[in-house]
Amino acid sequence: MTVVGSGGVVLSRWAKSRRFHKDYDKLDHTMRNLVDSKLQDLTLSYRPPGLRFEKLSGYSNPDIYTIHVNGNYKVSLEVTGGNALLRRVAPHDEIDRAP
């Protein structure tokens, strides 16, 4: 189950995990551009509703959130303070099984 909405989370910067790089490198050029665009939207003070920034329940230490890239792909991220660690970029089902 997920909790929809940012809940006041403000992100100022992010880092990319080794796994994120591995997933990202498998994407085609169009998907990479879309992921980059969505990540830029994360730093806006008003997040566009299309991101569907959601907190995954069951993950409280660390807090894990997801954003939707398109109908099938998501990005998972670990949020600590104003910093985010990008964990995965993968199809929806894969993120739900192993964020």
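Listed by chain and residue number, nothing satisfies the ring pair (Phe, Tyr, Trp, His ring centres under 6.0 Å) test with Tyr73 (two or more places apart in sequence, or in another chain). Arg19 pairs by the side-chain hydrogen bond (donor to acceptor under 3.5 Å, both in side chains) definition with Asp23, not counting sequence neighbours.
Without hydrogens or angle criteria, Thr66 side chain to Val75 main chain gives no donor-acceptor distance under 3.5 Å. Listed for the Thr80 side chain is no donor-acceptor partner under 3.5 Å among the backbone atoms of Asn83.
Annotation: side chain of Leu39 is in contact with side chain of Trp14 (closest heavy-atom distance under 4.5 Å). Between Val69 and Met31, the closest side-chain pair of non-hydrogen atoms falls below 4.5 Å. Contact check for Lys74 versus Glu54: side-chain heavy atoms found under the 4.5 Å cut-off. Residues Leu85 and Val79 form no side-chain contact, since every pair of their non-hydrogen atoms from C-beta on lies 4.5 Å or further apart.
Under the 4.5 Å side-chain contact rule for hydrophobic residues, Leu77 and Val35 share a cluster.
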- Message: Run the side-chain contact (heavy atoms from CB on, under 4.5 Å) test on Asp36 and Tyr24 for me, step by step, so that the C-alpha distance in whole Å, both residues' side-chain angles and the decisive distance to 0.1 Å come before the verdict.
- Response: CA-CA 10 Å; Asp36 293 342; Tyr24 186 84; 2.9 Å; yes

- Message: I'd like to know whether Tyr65 forms a side-chain contact (heavy atoms from CB on, under 4.5 Å) with Lys55, so could you lay out the CA-CA distance, the side-chain angles of the two residues, the decisive distance to 0.1 Å, and finally the verdict.
- Response: CA-CA 4 Å; Tyr65 293 82; Lys55 182 181 185 310; 3.4 Å; yes

- Message: Pair Phe53, Asp41 - check side-chain contact (heavy atoms from CB on, under 4.5 Å), show working.
- Response: CA-CA 11 Å; Phe53 189 69; Asp41 289 346; over 6 Å; no

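The aromatic rings of His92 and His68 sit tilted relative to each other, their planes meeting at an angle between 30° and 60°.
We find the CG-CG distance between Asp63 and Leu56 to be 10.0 Å, quoted to the nearest 0.5 Å. Rounded to the nearest 0.5 angstrom, Ser76 OG and Ile67 CD1 are separated by 9.5 Å. If you take CZ on Arg88 and CD on Glu78, they are separated by 14.0 Å, rounding to the nearest 0.5 Å.
Leu27 pairs with exactly one of Leu34, Asn33, Val89 by the side-chain contact (heavy atoms from CB on, under 4.5 Å) rule, that one being Val89.
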